Structures are given as structure tokens and as C-alpha cells.
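Every chain is numbered from 1 and lettered A, B, ... according to where its sequence line falls, protein lines coming before strand lines. Heavy-atom basis, side chains included; hydrogens, waters and symmetry copies ignored. Fair warning: this is a prediction, and the values are worked out from it, not measured in the lab.
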There are 2 protein chains.
Amino acid sequence: MNDKTNKNLKEAGLKATLPRIKILEILQRTSGTDDHFTAEDIYKELIINNYDVGLATVYRVLTQFENAGIVVKHQFDVNKSVYELNDPQHHDHMVCVDTGEITEFNDDAIKNKQREIAAEHGYELLDQSLVLYVKKIKK
Amino acid sequence: MNDKTNKNLKEAGLKATLPRIKILEILQRTSGTDDHFTAEDIYKELIINNYDVGLATVYRVLTQFENAGIVVKHQFDVNKSVYELNDPQHHDHMVCVDTGEITEFNDDAIKNKQREIAAEHGYELLDQSLVLYVKKIKK
DNA sequence: ATGCTTGCAAACGGTTTGCACGTGT
DNA sequence: ACACGTGCAAACCGTTTGCAAGCAT
């Protein structure tokens with residue numbers, strides 16, 4: 001419930017309500033530690049901490065946050081979306097097929113090559129989704 | 001209902017039934033023309049051609065084809081999967097956000113860079129999903 | 001003949017929505 | 001005060017599944 005959180009919400013044109021504040025806090029709590037949440041994850045976290053927020057509200061808030069550019073929605077797995085705070089520095093993800101662990105990475109060479117390929121086909125690159133499915137190398 | 005179609009099914013350990021044969025034919029009909037189908041697309045196509053196949057069967061058959069490596073399933077849009085014949089030469093896709101048009105491409109430089117990045121994190125690259133969201137460049 | 005296949009309808013699971021009540025500004 | 005926000009339950013929609021009947025081999 002710090003000032004920064006409230007300010008973020010105000011800037012997005014969203015009233016600083018308890019569900020929004022708490023959801024934002026949960027997202028921020030793990031910022032930087034490569035954590036990605038489903039709506040359900042956040043919902044459960046709220047319930048555990050005794051905030052009776054409806055699952056529908058979590059979805060609504062996350063959608064609002066997404067529109068406001070506060071969070072980014074990913075779909076690593078079919079029929080399950082995950083959200084993370086919007087990192088101003090865009091990055092991609094690799095998902096371990098064994099553990100589900102998510103690692104973020106960023107590579108300019110790939111980005112540039114993508115723009116190049118799009119241009120070759122007469123297109124402008126607006127957005128992109130890259131997910132690597134990997135497994136740990138055994139020693 | 002040609003021999004090749006029947007052979008493909010047999011090899012996959014699937015009986016050559018009418019739904020399977022017709023679905024495979026629909027998929028092959030547009031092979032090479034960058035066409036990607038939803039289960040619904042195929043279902044409608046069957047109905048139009050007077051084959052009373054259930055939507056559930058289309059899903060079952062597509063899943064069997066996927067397991068058999070005959071088709072590949074993609075998810076360009078959240079909550080809608082598309083299928084295409086499995087191109088032995090793996091390729092990626094760019095989707096025009098305006099028209100929905102899908103263009104296939106293939107780039108070894110990107111593939112190699114991906115393997116490299118995975119390795120840097122102690123991972124082996126098993127699979128990958130790359131989709132470019134693009135729009136036509138105006139003249 | 002027998003076991004794989006199918007159509008139908010009902011179930012599923014994540015997500016969205018209508019509505020009446022509640023709350024921030 | 002008043003518009004915006006919320007909880008609840010029902011609706012949604014693509015996909016899956018149980019079951020009894022139907023085919024390929």
C-alpha cells in the first residue's frame with residue numbers, strides 16, 4: 001500500500017482499490033525473480049492473505065493492468081495464461097519441460113534478424129513471441 | 001481416397017476410416033499454400049461436402065494425427081488452435097495483425113542462436129515457438 | 001467376431017459477463 | 001453523490017470424454 005503503488009494505479013486511470021493494490025503488490029513482490037503467475041495463482045495468494053477477492057475480479061484487474069501496460073500476458077502452455085510485470089526491457093522465455101521453470105533472456109541478434117525477415121516479406125514487425133522449450137543438460 | 005492417403009494412415013496405425021481419410025484430404029488439398037485450419041474449419045468443410053462427421057471426431061482425429069506426426073498444432077491466437085500438415089522442414093510463422101494472413105519462413109541463423117542461448121543457461125533446446133506479429137508496410 | 005471408431009450430448013476448465021451491491025474520490 | 005469497482009453465479013467457448021452403436025479388418 002505504498003505511494004508508488006498508488007501512483008502507478010492513478011497514472012493508469014484506475015482507482016486505488018484494495019483488490020488492485022494487493023494484486024499489484026503480489027506481482028511486484030517477486031519482480032525480478034523470474035516468476036510468472038496465473039490468475040488462479042494470484043487468486044489463491046489473495047485468499048491465503050485473507051483478502052476476499054473474487055476470481056472474476058482478478059481477471060478483470062489483470063486485463064486492466066495489461067491494457068495499461070503494467071503487466072504482460074504470456075501463454076506458454078495451451079489453455080493457461082500467465083502474467084508478469086511489464087519489464088521495460090523486452091525479453092523472451094525458455095521453459096523447462098521437466099520442471100516448468102521459466103528463464104528469461106534477451107538477444108538483440110535474434111530481434112534484428114526478425115525485423116529483417118519481416119521486411120523481406122514486405123512487413124513491419126509489431127510484436128513477437130518466442131518461447132524455447134528446453135531441458136537441463138545432464139552431466 | 002488415393003493410395004498414398006491410405007498408406008499414411010496405416011503407417012500411423014490408424015484404420016482408414018472415412019472421417020480420417022477426408023480430414024487428411026482437406027489438409028493435403030491446400031498443402032504448400034500456407035493454409036492453417038481450426039478444427040471448426042475442417043468440420044465445416046466436411047459438412048459442406050456432405051460428410052456428416054462430428055466435431056468431436058475432428059478433434060480426436062487431429063489429435064491422433066498430431067501424435068502420429070502427420071500434423072502440427074499451432075496457437076497463434078489465444079484460445080484457438082490451428083493445424084497444418086507436418087512439414088519435414090521445420091518453419092516458423094508471421095501473422096498479419098490486420099488480415100490474419102499467415103506467412104511461413106525459416107531461418108537457420110535464428111535457430112542456431114537459440115540453441116546457443118539455451119546452452120548458455122545449461123539447457124538443451126528441444127522445441128521452440130516463434131511467431132512474428134506484423135503488418136504490411138504502406139507505400 | 002472383435003476391437004478400434006464414431007456421433008451425440010454432456011462435462012470440462014479457463015475466462016468473461018450481467019447484475020445488484022459496495023466503495024473511492 | 002455518483003461513477004466506477006466488486007462479488008457472485010451464470011454464461012461462454014473451445015475442447016474433451018462417456019457411452020452405446022457402427023464399421024474396418
Side-chain angles (χ1 to χ4, degrees), chain A residues 1-3 5-24 26 36-47 49-68 70-83, chain B residues 1 3 5-24 26 36-47 49-68 70-83 100:
Chain A
M1 210 174 314
N2 57 65
D3 290 342
T5 297
N6 277 292
K7 190 151 143 285
N8 285 346
L9 292 173
K10 296 271 175 56
E11 282 169 3
L14 300 170
K15 283 182 185 166
T17 64
L18 190 139
R20 302 216 258 238
I21 293 168
K22 288 305 162 192
I23 290 174
L24 190 46
I26 290 173
H36 301 69
F37 303 85
T38 63
E40 193 86 24
D41 288 338
I42 292 176
Y43 172 67
K44 284 182 189 153
E45 186 69 18
L46 288 168
I47 297 302
N49 292 100
N50 273 91
Y51 296 109
D52 278 331
V53 174
L55 180 53
T57 300
V58 175
Y59 276 106
R60 276 187 287 232
V61 169
L62 287 173
T63 301
Q64 292 158 350
F65 283 5
E66 191 191 5
N67 292 335
I70 297 175
V71 304
V72 178
K73 182 181 187 175
H74 295 289
Q75 181 137 116
F76 301 137
D77 196 351
V78 175
N79 66 19
K80 191 176 273 187
S81 298
V82 294
Y83 299 82
Chain B
M1 213 182 302
D3 290 341
T5 298
N6 277 292
K7 191 151 143 286
N8 285 347
L9 292 173
K10 295 270 174 58
E11 282 169 3
L14 299 170
K15 285 182 183 167
T17 64
L18 190 140
R20 301 215 259 239
I21 292 168
K22 289 304 163 193
I23 290 173
L24 189 47
I26 290 173
H36 300 70
F37 302 86
T38 63
E40 194 86 24
D41 289 338
I42 293 175
Y43 173 67
K44 284 183 189 151
E45 186 69 20
L46 287 167
I47 297 303
N49 292 100
N50 272 91
Y51 296 110
D52 277 331
V53 173
L55 180 53
T57 299
V58 175
Y59 276 106
R60 274 187 288 233
V61 169
L62 286 173
T63 301
Q64 291 159 349
F65 283 5
E66 190 191 5
N67 293 336
I70 297 174
V71 304
V72 179
K73 183 182 188 176
H74 294 289
Q75 181 138 118
F76 301 138
D77 196 351
V78 175
N79 67 16
K80 193 175 274 187
S81 298
V82 294
Y83 298 82

Exercise. Grab the two heavy atoms, one from A:Ile47 and one from A:Val53, that are nearest each other, plus how far apart they are.
Key: CD1-O, 4.2 Å
Quiz item: Are any of B:Thr17's side-chain N or O atoms less than 4.0 Å away from OP1 or OP2 of D:dC23?
Solution: no
Quiz prompt | Spacing of A:Asp77 atom CG relative to C:dT15 atom P, expressed in whole Å | solution = 11 Å
Self-check item: Spacing of B:Arg60 atom CZ relative to C:dA9 atom P, expressed in whole Å
Solution: 14 Å
Quiz item: Would a 4.5 Å heavy-atom cut-off, applied to side chains only, mark B:Leu46 and B:Lys22 as touching?
Solution: yes
Practice problem: Take atom CG of A:Leu18 and atom P of D:dT6, then tell me their distance rounded to the nearest Å. | Solution: 9 Å
Self-check item: A:Leu55 side chain, from C-beta outward: closest of D:dC8, D:dG18, C:dT15
Solution: C:dT15
Quiz item: Which one, D:dT16, D:dC4, D:dT6, comes nearest to the side chain of A:Lys15?
Solution: D:dC4
Exercise. Could you check which of C:dT16, D:dT15, C:dT6 has an atom nearest any side-chain atom of B:Val61?
Key: C:dT6
Quiz item: From the list C:dT16, C:dG7, D:dT16, which nucleotide is the closest neighbour of the side chain of A:Ala56?
Solution: C:dT16
Practice problem: Using whole Å, report how far CG of B:Asp41 lies from P of D:dC13. | Solution: 17 Å
Practice problem: Provide, to the nearest angstrom, the distance between the NZ atom belonging to A:Lys22 and the C1' atom belonging to D:dG5. | Solution: 17 Å
Self-check item: From A:Leu62 atom CG to A:Ile42 atom CD1, the distance as rounded to the nearest 0.5 Å
Solution: 4.5 Å
Quiz item: B:Tyr59 side chain: which of C:dG18, C:dT16, D:dT15 is closest?
Solution: D:dT15
Practice problem: Mind calculating the distance between CG (A:Leu9) and C1' (D:dC4) to the nearest angstrom? | Solution: 14 Å
Quiz item: Between D:dG14 and B:Ser81, is there an OP1 or OP2 to side-chain N/O distance shorter than 4.0 Å?
Solution: no
Quiz prompt | Protein-nucleotide distance (A:His74, atom NE2; C:dG14, atom C1'), rounded to Å | solution = 18 Å
Quiz item: Would you say a side-chain N or O of A:Arg20 is under 4.0 Å from OP1 or OP2 of C:dG24?
Solution: no
Quiz prompt | Sidechain-backbone polar pair: B:Arg20 side chain, B:Lys15 backbone, donor-acceptor under 3.5 Å | solution = yes
Quiz item: Does the side chain of B:Ile23 reach to within under 4.5 Å of the side chain of B:Tyr43, using non-hydrogen atoms?
Solution: no
Self-check item: Separation of C:dG14 C1' from A:Tyr83 OH (nearest whole Å)
Solution: 10 Å
